[in-house]
Amino acid sequence: MEVKVNSTTIRSFSIYSNTLPNDFLLDVAKAWRLLNATFKTESTERTYYQHITRWLRFLADRPNHPALSYIGQDNGSLAEEYLAWQNLLTEYRNDIFDTFFQEDQLKTRNNQLMGVRKLLEYLAYTKTIPHGLVLRGWKDKQRLGQSSTFLSNDFYRLINRSKNDLQKLVDSIDDNDVSLDEDVITLIKNALENTEEDFDFNPVSLVISSLQNRKIQLKDQAASDYIAYIDSTNQAKKWAEDLEISACADKFHKTMLSNVDAHTKMHLYDEALGGCATSVLVNYLIRYNEGRLLLNTDSRYSLFWLPDRMSRYNYNRDHIRRYLGCSNYGMVCAFAFIMLETNANTTSVWGLKEDDLIDLDKKSFQLNWTKKRQRGHEAKYKKLPMRIDELAPQTLTVRDVFLHQIECREKFLNDVIPRDRNFLFLQWHKNNVKISINKRVYAPTRPSLEFFNRIFKKLCKKASGGAWETTPKAIRGSALLLTGLVTRDATAVMIEGQHTSLEMGKRYTYHYPEVWQQDKEIRLFLNWYQALFTVDIEGFAEKIGIDSILYNENKEFALEQRQKEAQNAINQQFGGIHCIDPTAGAQPGTKAGSVCNKVDKCPTCKQRRGVFVTSINNLANVIQWHEVLVQLNQTLSDNDFYKWRVWHVFTTLILDTFSKDPTHARLMREAQEKAALTQNSYASLIPVAEVNI
């Protein structure tokens with residue numbers, strides 16, 4: 001019963017013969033040989049052997065377990081034997097959990113069961129144990145991002161409750177079994193405080209507010225932290241040119257190589273590092289190690305990262321990595337920012353290459369990427385405007401991030417394995433990279449998607465103050481859902497997601513939890529994907545099925561008499577949103593036959609047309625209305641401004657979309673000119689909308 005791994009004797013299963021039945025061990029050895037023949041790599045062989053010997057040690061500690069009494073017996077009850085073995089496997093599962101109980105050890109726990117599961121299959125095949133035994137693993141807790149948006153499944157379940165039910169939930173939030181994020185609780189409380197009746201409570205507005213808040217939080221944090229990253233690498237260049245810091249770095253270098261006594265050496269280290277150790281060490285690595293971190297095979301490695309020295313002079317790896325442009329967190333901020341700006345898939349951003357950024361002219365640039373399809377790959381791109389203002393979190397562009405990442409990787413690019421050398425995102429050091437069947441090397445390489453997912457959680461926690469976390473995949477899903485809810489325009493979602501058809505957009509929407517499809521508002525949302533889209537205001541009436549002559553007459557009349565007949569402007573559209581029938585009396589507090597003045601309800605009203613018309617007039621309306629909303633936001637308290645939040649999201653998203661698309665530069669410029677030359681009628685409409693400033 002000798003067991004070999006790659007012709008090297010490790011240990012015989014017979015060491016357990018003092019406590020386990022010999023017949024059982026013989027069957028284990030036979031099953032191992034069958035399993036061993038399926039292995040393709042030595043590492044898999046060793047890993048499974050470790051799993052199985054751990055299980056045998058567990059069994060050896062329980063020689064009197066009922067399951068072992070059935071070994072070699074053919075006349076027992078099959079049901080009782082199955083139950084005994086299943087209980088034994090459950091005990092082993094519990095033992096694994098007790099050993100690896102920490103939350104971040106879930107993957108380790110599941111891995112520990114792999115070899116045993118495989119062995120059980122062959123033991124059942126040899127009739128040593130009953131068929132159908134189950135050794136269950138562990139599933140990760142339901143978390144944000146396991147779906148495709150920033151919203152948890154608990155949130156989706158809650159938005160369809162009545163106002164009364166939600167109030168009860170909030171009142172007993174500590175006693176219920178629903179896991180809610182702090183910011184979601186705040187949103188719900190705010191919504192409850194600002195609605196009087198159940199019918200006035202609109203779950204879609206909650207969704208829009210939550211998605212927009214989280215998107216803004218993430219983008220602001222990623223931009224702010226990446227600007228700090230750029231500042232750090234720029235600071236490192238200044239330190240490298242500072243003569244005083246260079247002198248200290250030279251002294252540190254000589255001290256490391258000297259053979260003086262410990263007391264003298266400590267005094268010399270104090271002189272070299274006592275002022276600012278981080279600046280000296282960054283200078284040292286730039287001048288003495290080509291700006292790269294030390295590998296653990298370097299003789300200076302242990303001297304550099306000596307724990308007592310790091311504590312004495314107050315420096316650490318993360319700070320030095322950031323100054324040298326090797327920050328993993330900084331790279332994830334870049335990854336997230338590019339996703340937030342482009343709405344490309346995670347795999348597309350992950351696969352960006354050094355030549356995917358192209359400067360078109362002085363005003364715009366283009367980012368190219370590849371989108372994986374079932375039948376191959378598809379080239380995608382997005383044109384974006386150049387930064388014209390001074391670099392800041394608010395002005396940061398994809399181009400700034402891209403070029404900085406290129407600069408960060410230059411110092412170690414020649415050490416990257418050939419297959420990864422052209423990728424934008426390169427991790428300074430990754431252990432044991434496989435370059436052939438039997439050869440591995442220590443080299444910089446492209447990080448895995450799992451790496452981005454893991455560190456992305458840190459960005460989320462920082463952005464939300466610990467209220468929530470998600471995965472990069474949710475960025476795209478959230479952006480498309482937000483665009484759909486705010487614009488109610490299928491084509492806008494199709495363009496934003498770079499889908500090839502409206503049908504794809506509809507299929508994408510059905511991906512959201514089933515509970516959405518049970519709600520009337522969500523069924524309407526699915527129908528919005530059938531809406532028509534036009535880039536020309538002319539022909540709009542015919543395409544949405546209203547009297548074109550009357551429409552044009554009213555439109556011209558409204559434009560000419562905007563100041564005198566403001567109410568007629570509402571009849572046609574308000575802030576860029578068109579109404580099916582503003583006299584239908586659809587909103588509570590309005591009467592059929594009278595023009596609706598509940599304009600704060602337009603973004604989520606069932607009378608709203610499922611279309612956003614891209615025209616100079618429409619964009620000018622959005623610009624003017626946005627200006628008023630910005631003033632309201634600065635003037636009103638958070639509670640008073642609550643009813644206008646969705647409108648604020650709408651105008652912000654529309655203007656942001658058109659401002660960042662160079663193909664609409666002329667249209668946007670003309671709309672801005674028209675808005676500037678036309679008196680802003682929305683300011684005079686505020687009293688009509690029952691808003692007190």
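Only this structure's heavy atoms are used, side chains among them; waters, hydrogens and symmetry mates stay out.
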Is it the case that the side chain of [X] and the backbone of [Y] share a donor-acceptor pair, with hydrogens and angles ignored and the cut-off at 3.5 Å?
| X | Y | value |
| --- | --- | --- |
| S464 | W468 | yes |
| T99 | D95 | yes |
| S659 | L655 | yes |
| N289 | G291 | no |
| H51 | L119 | no |
| R109 | F100 | yes |
| R117 | L135 | yes |
| N110 | K107 | no |
| T233 | I230 | yes |

Between [Y] and [X], is there a side-chain heavy-atom distance shorter than 4.5 Å?
| X | Y | result |
| --- | --- | --- |
| M331 | I455 | no |
| L218 | F456 | yes |
| I338 | L367 | yes |
| Q405 | Y226 | yes |
| F58 | V116 | no |
| L324 | R292 | no |
| F304 | M310 | no |
| L426 | L413 | yes |

Could you state the interatomic distance from [atom1] ([X]) to [atom2] ([Y]), rounded to the nearest 0.5 Å?
| X | Y | atom1 | atom2 | value |
| --- | --- | --- | --- | --- |
| T108 | W138 | OG1 | CH2 | 10.5 Å |
| N422 | L352 | CG | CG | 12.5 Å |
| T47 | N111 | OG1 | CG | 8.5 Å |
| K411 | N414 | NZ | CG | 12.5 Å |
| L294 | S299 | CG | OG | 9.0 Å |
| L281 | H319 | CG | NE2 | 13.0 Å |

Kindly check if the number of other-residue, nucleotide or ligand heavy atoms within 6.0 Å of [atom1] ([X]) is above 12?
| X | atom1 | value |
| --- | --- | --- |
| R136 | CZ | no |
| I388 | CD1 | no |
| K265 | NZ | yes |
| K215 | NZ | yes |

Pairs involving [range], ordered by first then second residue, that meet salt bridge (Lys or Arg N to Asp or Glu O under 4.0 Å) (sequence neighbours left out):
| range | result |
| --- | --- |
| residues 322-332 | none |
| residues 325-338 | none |
| residues 239-248 | none |
| residues 341-351 | K219-E341, E341-K660 |

> Who pairs with K461 by salt bridge (charged side-chain N to carboxylate O under 4.0 Å, His left out), at least two apart in sequence or on another chain?
Replying inline: E469
> Can you list the residues that meet the salt bridge (charged side-chain N to carboxylate O under 4.0 Å, His left out) rule with D220, with sequence neighbours excluded?
Replying inline: none
> Is it true that R409 and E354 make a salt bridge, defined as a side-chain N closer than 4.0 Å to a carboxylate O?
Replying inline: yes
> Do R454 and E450 meet the salt-bridge criterion of a basic N to acidic O distance under 4.0 Å?
Replying inline: no
Donor-acceptor pair between [X] and [Y] side chains, under 3.5 angstrom:
| X | Y | value |
| --- | --- | --- |
| N314 | S311 | no |
| S258 | T255 | no |
| H404 | Y229 | no |
| D225 | Q221 | yes |
| W55 | Q50 | no |

My understanding is that only residues two or more places apart in sequence, or in another chain, count here; which of them pass side chain to side chain donor-acceptor pair (under 3.5 Å) with [X]?
| X | answer |
| --- | --- |
| Q112 | none |
| Y284 | H253, R300 |
| R287 | D250, N283 |

>> Classify the ring geometry of W239 against Y323: parallel below 30°, tilted from 30° to 60°, perpendicular beyond 60°.
In response: tilted
> Who passes side-chain contact (heavy atoms from CB on, under 4.5 Å) against R309, sequence neighbours left out?
Replying inline: Y269, L273, L303, L306, Y313, Y315
> Can you name the residues that form a side-chain contact (heavy atoms from CB on, under 4.5 Å) with A344, not counting sequence neighbours?
Replying inline: T342, S348, V349, W369
>> Before you tell me yes or no, could you show the steps for V398 and F365 under side-chain contact (heavy atoms from CB on, under 4.5 Å), namely the whole-Å CA-CA distance, both residues' side-chain angles and the distance that decides it to 0.1 Å?
In response: CA-CA 9 Å; V398 169; F365 64 91; 4.1 Å; yes
>> Between Y301 and L293, does the side-chain contact (heavy atoms from CB on, under 4.5 Å) criterion hold? Intermediate values first, please.
In response: CA-CA 9 Å; Y301 184 85; L293 291 170; over 6 Å; no
> Are F423 and W350 near enough that their ring centres are under 6.0 Å apart?
Replying inline: no
>> Between F39 and Y48, is the ring centroid distance below 6.0 Å?
In response: yes
>> Set out, in order, the CA-CA distance, both residues' side-chain angles and the distance that settles side-chain contact (heavy atoms from CB on, under 4.5 Å) for M256 and F252, then state yes or no.
In response: CA-CA 6 Å; M256 276 204 302; F252 172 73; 3.7 Å; yes
>> With side-chain contact (heavy atoms from CB on, under 4.5 Å) as the criterion, how do L424 and D356 come out once you've worked through the C-alpha distance, each side chain's angles and the decisive distance to 0.1 Å?
In response: CA-CA 9 Å; L424 174 66; D356 281 336; over 6 Å; no
> At their closest point, which heavy atom of L459 faces which heavy atom of A336, and how far apart are they?
Replying inline: CD2-CB, 3.7 Å
> What side chain to side chain donor-acceptor pair (under 3.5 Å) pairs are there with at least one residue in residues 391-400, not counting sequence neighbours?
Replying inline: D359-R399, R387-D400, T397-D400
>> Quick check with a 6.0 Å cut-off and a 45 degree axis cone: is K458 positioned over the face of Y329's six-membered ring?
In response: yes
